[in-house]
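Here is the structure we will look at.
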There are 2 protein chains.
Amino acid sequence: MGDKHILGDLQHAIMRVLWAEGEATVARVQEALEEDRDRALTTIATMLVKMEKKGIVGHRSEGRQFVYRALISETDVQRSMVGELTEMLFGGDVTALVSHLLSEQEIDDAELARLKAMIAEHRSKERRRGR
Amino acid sequence: MGDKHILGDLQHAIMRVLWAEGEATVARVQEALEEDRDRALTTIATMLVKMEKKGIVGHRSEGRQFVYRALISETDVQRSMVGELTEMLFGGDVTALVSHLLSEQEIDDAELARLKAMIAEHRSKERRRGR
DNA sequence: GCCCATCTACTACCCTGGTAGTAATACTGG
DNA sequence: CCAGTATTACTACCAGGGTAGTAGATGGGC
């Protein structure tokens with residue numbers, strides 16, 4: 001679990017389906033991804049096999065279908081990938097990342113207010129936990 | 001410039017050297033990256049050729065050496081990659097990313113204080129700009 | 001002038017993500 | 001029972017990042 005969990009676009013899209021649905025067959029995954037782009041069933045199936053080999057999904061048999069499920073959580077992936085990126089782009093400095101978000105990404109007043117609230121929230125939470 | 005600019009580890013490491021030094025020969029890049037890991041000179045050279053083909057670096061000849069320089073800024077790359085990741089992991093919701101940072105990444109009190117200050121700063125800046 | 005060191009050019013791999021066709025197999029409706 | 005369909009298994013291929021060897025050119029020292 002302390003692994004790298006760096007996923008590509010398709011892999012991540014597939015994970016999102018599994019996270020949302022808990023379990024899904026290949027056909028179900030393809031169907032869910034259809035709106036996005038039309039991929040062959042075998043594309044999804046092949047990808048799932050590769051992902052299983054990596055240990056990020058597992059499956060059980062139901063009749064002759066495979067029912068896949070995620071073996072890592074969305075938070076795991078977020079942590080891995082955000083951590084990786086923060087390290088690569090900002091030398092691991094989280095505040096540098098936030099600073100970048102503030103100056104380079106469009107953030108409107110409402111979002112800014114939410115951020116402020118979140119930080120206040122977090123602060124009190126930390127304090128309560130006795131840090 | 002509105003391109004994708006998604007770089008791998010080595011490419012990014014090379015860019016960091018070019019950003020730091022303005023210009024650098026292949027040998028200089030290798031030397032700068034040596035502490036990190038020992039790579040063959042030709043590895044760096046090949047990578048630079050690929051990067052030039054992508055249009056992210058350029059070179060001029062000095063004697064029989066090539067002197068490379070970056071054609072995109074660090075901010076460009078940060079914007080691309082942070083944007084990409086935010087889209088992929090948080091559906092483009094920047095506050096969700098910050099929320100993740102607060103809850104999942106270790107942030108100490110000092111950093112938190114800096115964040116708070118940054119947000120306040122940013123706020124007044126926006127206001128001053130007349131938004 | 002010649003040999004050696006230095007550079008780039010070219011070529012070749014490996015790996016992983018992504019995409020999909022084809023083969024084999026098992027099931028199902030008539 | 002048999003044909004067609006659904007489903008996985010196997011194989012193949014492309015692209016791009018990463019790594020590096022070998023070849024070829026060129027310049028410097030003696």
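Order of the sequence lines fixes the chain letters, A, B, ..., with proteins taken first and strands second; residue numbering starts at 1 for each chain. Predicted model, so just to flag it, every value in this text is computed and none were measured.
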Side-chain atoms of B/Leu10 come closest, of D/dT19, D/dG21, C/dT19, to D/dT19

- Candidates C/dT19, C/dC7, D/dA20 - which lies nearest the side chain of B/Gln65: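 Nearest to the side-chain atoms of B/Gln65, counting from C-beta on, is C/dC7.
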
Rounded to whole Å, please give me the gap between [atom1] in [X] and [atom2] in [N].
{"X": "A/Leu41", "N": "C/dG21", "atom1": "CG", "atom2": "P", "answer": "11 Å"}
{"X": "A/Met47", "N": "D/dA9", "atom1": "CE", "atom2": "P", "answer": "16 Å"}
{"X": "B/Lys50", "N": "C/dC14", "atom1": "NZ", "atom2": "C1'", "answer": "11 Å"}
{"X": "A/Leu48", "N": "C/dG18", "atom1": "CG", "atom2": "P", "answer": "12 Å"}
{"X": "A/Glu31", "N": "D/dA6", "atom1": "CD", "atom2": "P", "answer": "13 Å"}
{"X": "A/Arg60", "N": "D/dT7", "atom1": "CZ", "atom2": "C1'", "answer": "16 Å"}
{"X": "B/Tyr68", "N": "C/dT8", "atom1": "OH", "atom2": "C1'", "answer": "8 Å"}
{"X": "B/Asp9", "N": "C/dC15", "atom1": "CG", "atom2": "P", "answer": "18 Å"}

Practice item. Return the 5'-most residue of the pair A/Gly8, B/Val26 with respect to DNA chain C, ranking by each residue's nearest nucleotide. Key: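 Its nucleotide being nearer the 5' end, the pick is B/Val26.
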
- [ ] May I ask you to verify if any side-chain N or O of B/Thr43 is less than 4.0 angstrom from the OP1 or OP2 atom of D/dG18?
- [x]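 For D/dG18, OP1/OP2 do not have a side-chain N/O of B/Thr43 under 4.0 Å.
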
Q | C/dT19 phosphate, OP1 or OP2, under 4.0 Å from A/Arg37 side-chain N/O | A |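 Answer yes for this pair, as a side-chain N or O of A/Arg37 is under 4.0 Å from OP1 or OP2.
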
- Side-chain donor-acceptor contact under 3.5 Å, A/Gln11 with A/Lys54: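 Yes, side-chain donor-acceptor contact under 3.5 Å.
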
Backbone of B/Glu111 reached by a side-chain donor or acceptor of A/Thr95 within 3.5 Å: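 Flag not set: sc A/Thr95 to bb B/Glu111 has no pair under 3.5 Å.
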
Is A/Glu104 salt-bridged to B/Arg79, cutoff N-O under 4.0 Å?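 Yes, A/Glu104 and B/Arg79 are salt-bridged.
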
Taking NZ, NE, NH1 and NH2 as the nitrogens, is one of them in B/Lys50 or B/Glu52 under 4.0 Å from a carboxylate oxygen of the other? no

Which is true for A/Lys54 with a 4.0 Å heavy-atom rule: it touches a base, it touches only sugar-phosphate, or it touches nothing?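 Counting heavy atoms under 4.0 Å across all strands, the contact made by A/Lys54 is with sugar-phosphate only.
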
A/Ala45 near the nucleic acid: base, sugar-phosphate alone, or nothing, with a heavy-atom cut-off under 4.0 Å?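 Since no nucleic acid heavy atom lies under 4.0 Å of A/Ala45, the category is nothing.
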
Exercise. 5'-most contact on DNA chain D: A/Thr46 or A/Arg64, nearest heavy atom basis?
Worked result: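 Nearest nucleotide further toward 5': that of A/Arg64.
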
Using 30° and 60° as the class limits, which term best fits the ring planes of A/Trp19 and A/His12: parallel, tilted or perpendicular?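 A/Trp19 and A/His12: perpendicular rings.
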
